[in-house]
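Input: a single structure, listed below in structure tokens.
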Amino acid sequence: MRVIRFADETSLPVLAALTDDNRIYALPQRDLMELVREAEELGVSPLALIEKEIAEGAAPVGVPLESLTLLTPLDAPEVWAAGVTYERSRDARNYEATGGKLDVATFYDKVYDAERPEIFFKSTAARTVGPGQDVCLRSDSSWQIPEPELGLVIGRNGNIVGYTAGNDMSCRDIEGENPLYLPQAKMWRRSCSIGPAVRLAETVADPYRFQIACRIYRNGELAVEGTASTGQLKRRFDELVSFLRRDNDIFDGTVLLTGTCIVPPNDFTLQDGDRIEIEISDIGVLSNTARKLVP
Ligand code: DO4
Ligand code: MG
């Protein structure tokens, strides 16, 4: 079972359940975290509450998923991100930090093996876009890529409520110049996207078996393609959440992106008009077009 949000004919958000056989039902709650809180109060799981609402007559949405204007599946108040959680990311960070000298040991090697993971602040609700919306390219970077990542949707008590897809847009030149520039390499207007759905955690047998694919289309032609699996992750999801929450209060519906394992070739940079597709098995396809920001 997945949860989505779409805009109705008056542009108001509607929360909806998307069943495994692709039926869509409008739900009475305004957002996913309200549904999770209500389920908690009733002492049932979110899935059980949704199934009860469907059985009791939740309105079927009579149009296919493709014809809905999807929104972010939730208004995540904060998006955090873990970094260097896959070997592929460590190697790519080393490449940009050393200018390709792969025999030089760096702090990226250190953090990959350290007990404490890298976790950084990535985005706020106002900077985060949903499916079909534009992500932005910084005007002062000439080496930009999408980072396709599994996102954990976390409740205020640290429980993983569900999984979504996320794009941690990144500037390799800015981070490579100086790691202290990380916030500028990661955070600007519309530099993060999430969606298209949240897969309820209780419906996932093994979260280390998600298949992730990224495709970048230029002028309608496939320019870059890569695949990975969460089975390649160096860390455990609970471990990342526990470091995020260490001496830190998190808001209900916080999203934690879990790092990238797909990096385009080193000579690739995103251009205005490129369409980025991030597909995660059992979640869906998050598609956004990159647009250059004009300063
Ligand atoms: O150290 C920089 C961040 C790396 C990152 O975002 C990732 O591994 O996904
Ligand atoms: Mg990342």
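Read the numbers this way: they start at 1 and go in the same order the structure lists the ligands and their atoms.
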query = Looking only at heavy atoms, which two atoms of Ala17 and Ile50 are closest? And how far apart?
reply =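 Here Ala17 and Ile50 meet closest at CB-CG2, 3.6 Å.
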
query = Which atom names give the shortest non-hydrogen contact between Leu286 and Asn167, and what distance separates them?
reply =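 Minimum heavy-atom separation between Leu286 and Asn167: CD2-N, 4.2 Å.
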
inquiry  = Quick check: Glu118 and ligand 1, any N/O pair under 3.5 Å apart?
reply    =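 There is such a contact, yes.
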
inquiry  = Quick check: Tyr108 and ligand 1, any N/O pair under 3.5 Å apart?
reply    =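 For ligand 1, there is no N or O atom that lies under 3.5 Å from one belonging to Tyr108.
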
Neighbour count above 12 (heavy atom, 6.0 Å) for [X] [atom1]:
X	atom1	result
Arg30	CZ	no
Asp247	CG	no
Asn219	CG	no
Lys292	NZ	yes
Asp206	CG	yes
Tyr181	OH	no

So which heavy atom in the protein is nearest [atom], and how far is it from that ligand atom?
atom	value
atom 4 (C) of ligand 1	Gly83 CA, 3.7 Å
atom 5 (C) of ligand 1	Glu147 OE1, 3.4 Å
atom 6 (O) of ligand 1	Lys186 NZ, 2.7 Å
atom 8 (O) of ligand 1	Ser89 OG, 2.5 Å

At less than 4.0 angstrom from any non-hydrogen atom of [X], what atoms of ligand 1 do you find?
X	result
Leu182	2 (C)
Asp168	6 (O)
Glu175	1 (O), 2 (C)
Gly259	9 (O)
Glu149	9 (O)
Val84	1 (O), 4 (C), 7 (C), 8 (O)
Phe120	3 (C), 6 (O)

ask   = Do we get Arg275 above Tyr217's six-membered ring, with its NZ or CZ under 6.0 Å from the centre and within 45° of the axis?
value =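 Flagged: Arg275 positioned over aromatic ring of Tyr217.
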
message = One residue to check: Leu257. Relative to ligand 1, which of side chain, backbone, both or neither has a non-hydrogen atom less than 4.0 Å away?
response =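 Neither; nothing of Leu257 gets under 4.0 Å from ligand 1.
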
ask   = Taking the Mg ion (ligand 2) as the vertex, how big is the angle to OD2 in Asp168 and OE1 in Glu147, rounded to 10°?
value =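 Between OD2 of Asp168 and OE1 of Glu147, at the Mg ion (ligand 2), the angle is about 90°.
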
ask   = By atom name, which N, O or S atom of Glu149 is the nearest to the Mg ion (ligand 2)?
value =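 Nearest N/O/S atom of Glu149: OE2.
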
query = Taking the six-membered ring for Trp, are Tyr208 and Phe237 parallel (under 30°), tilted (30 to 60°) or perpendicular (over 60°)?
reply =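 Parallel: the ring planes of Tyr208 and Phe237 meet at under 30°.
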
